[in-house]
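For reference, the structure is listed below as C-alpha cells.
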Amino acid sequence: MMDIEEKAHILSYYLLDLPISEGARKTALRYLEGDEWEEAMVAPVWSLAEQGIHMPAEVSEVLDFEYFDDEEAKLIRQFATEDFDYQEHLDLLER
C-alpha cells in the first residue's frame, strides 16, 4: 500500500505530462527538485482546472487544498474525475 507521499510523488510527475501552462511546469519542477511532492502539484492542478481539463480523481485525495479558496477548490474537484492506476505509473517513482 502506498503512502500519501508516494502518491503525491507519482501524481506530481504525471501532471507534468498533461497540457499545463509553462509557468505551472516551471513552478512544479522547482518544487520537485527539493522533493516537495505535495507543493509540486499545486500549480499544475490549478492550470488544468483553469483550462477545464480533467485530471486524476486522486488529486482530490492528495492535494493540500489550503492553497485554494472555496471556489477554486470546487473547480478543481469538478475536474478531478479521471481514473488513475498508481501501479501503471510506478516508474515515476524513479524520477
Side-chain angles (χ1 to χ4, degrees):
M1 184 99 179
M2 272 186 232
D3 64 25
I4 195 86
E5 187 172 305
E6 289 173 315
K7 289 179 178 183
H9 182 147
I10 290 171
L11 281 170
S12 295
Y13 279 106
Y14 177 80
L15 292 171
L16 291 177
D17 291 335
L18 299 179
I20 60 174
S21 70
E22 196 54 38
R25 186 175 314 286
K26 287 179 183 178
T27 299
L29 288 170
R30 277 197 311 272
Y31 280 113
L32 290 172
E33 287 174 5
D35 293 339
E36 298 177 63
W37 318 117
E38 285 111 355
E39 290 84 354
M41 293 177 54
V42 173
V45 164
W46 182 241
S47 177
L48 293 168
E50 280 187 312
Q51 297 177 71
I53 298 173
H54 289 269
M55 62 195 97
E58 283 74 10
V59 163
S60 292
E61 174 188 330
V62 177
L63 185 66
D64 185 350
F65 281 96
E66 76 178 30
Y67 294 99
F68 304 99
D69 66 31
D70 291 343
E71 286 302 310
E72 292 169 338
K74 182 179 175 182
L75 184 64
I76 291 166
R77 286 186 179 99
Q78 178 182 339
F79 290 104
T81 59
E82 299 295 310
D83 290 335
F84 186 79
D85 184 352
Y86 287 103
Q87 297 302 316
E88 290 181 17
H89 301 285
L90 288 177
D91 62 313
L92 296 176
L93 284 174
E94 302 301 318
R95 288 192 185 176

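Just so you know, residue 1 is the first one in the sequence shown, and it goes up from there. Given the structure is predicted, the values throughout are model-derived calculations rather than measurements.
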>> salt bridge (charged side-chain N to carboxylate O under 4.0 Å, His left out) for Glu22 and Arg25? Distances and angles first, verdict last.
In response: CA-CA 5 Å; Glu22 196 54 38; Arg25 186 175 314 286; 3.8 Å; yes
Review item, side-chain donor-acceptor pairs of residues 38-50, under 3.5 Å, at least two apart:
from	atom 1	to	atom 2	distance (Å)
Trp46	NE1	Glu50	OE1	3.4
Trp46	NE1	Glu50	OE2	3.0
Ser47	OG	Ser21	N	2.9
Ser47	OG	Gln51	NE2	3.1

Exercise answer: donor-acceptor pairs, residues 67-80 side-chain atoms, under 3.5 Å, sequence neighbours excluded:
from	atom 1	to	atom 2	distance (Å)
Asp69	OD1	Glu71	N	3.0
Asp69	OD1	Glu72	N	2.8
Glu72	OE1	Asp69	N	3.0

Distance from [X] atom [atom1] to [Y] atom [atom2], nearest 0.5 Å?
{"X": "Leu63", "Y": "Glu58", "atom1": "CG", "atom2": "CD", "answer": "12.5 Å"}
{"X": "Leu92", "Y": "Asp17", "atom1": "CG", "atom2": "CG", "answer": "7.0 Å"}
{"X": "Ile10", "Y": "Gln87", "atom1": "CD1", "atom2": "CD", "answer": "7.5 Å"}

>> If hydrophobic clusters are built by linking Ile, Leu, Val, Met, Phe, Trp and Tyr wherever their side-chain heavy atoms come under 4.5 Å apart, do Tyr14 and Leu16 end up in the same one?
In response: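 Same cluster.
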> Among the clusters formed by ILVMFWY side chains lying less than 4.5 Å apart, do Leu29 and Tyr31 turn up in the same one?
Replying inline: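 Unlinked, Leu29 and Tyr31 end up in two clusters.
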> Is atom CZ of Phe84 surrounded by more than 12 heavy atoms (other residues, nucleotides or ligands) closer than 6.0 Å?
Replying inline: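 Yes, because the 6.0 Å sphere around CZ of Phe84 holds more than 12 heavy atoms from other groups.
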>> Keeping His89 on the side-chain end and Leu11 on the backbone end, is there a donor-acceptor pair under 3.5 Å?
In response: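 No, because the side chain of His89 does not come within donor-acceptor range (under 3.5 Å) of the backbone of Leu11.
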Distance-only donor-acceptor hits, side chain of residues 1-8, under 3.5 Å, sequence neighbours excluded:
from	atom 1	to	atom 2	distance (Å)
Asp3	OD1	Glu5	N	3.1
Asp3	OD1	Glu6	N	2.8
Glu6	OE1	Asp3	N	3.1
Lys7	NZ	Glu61	OE2	2.8

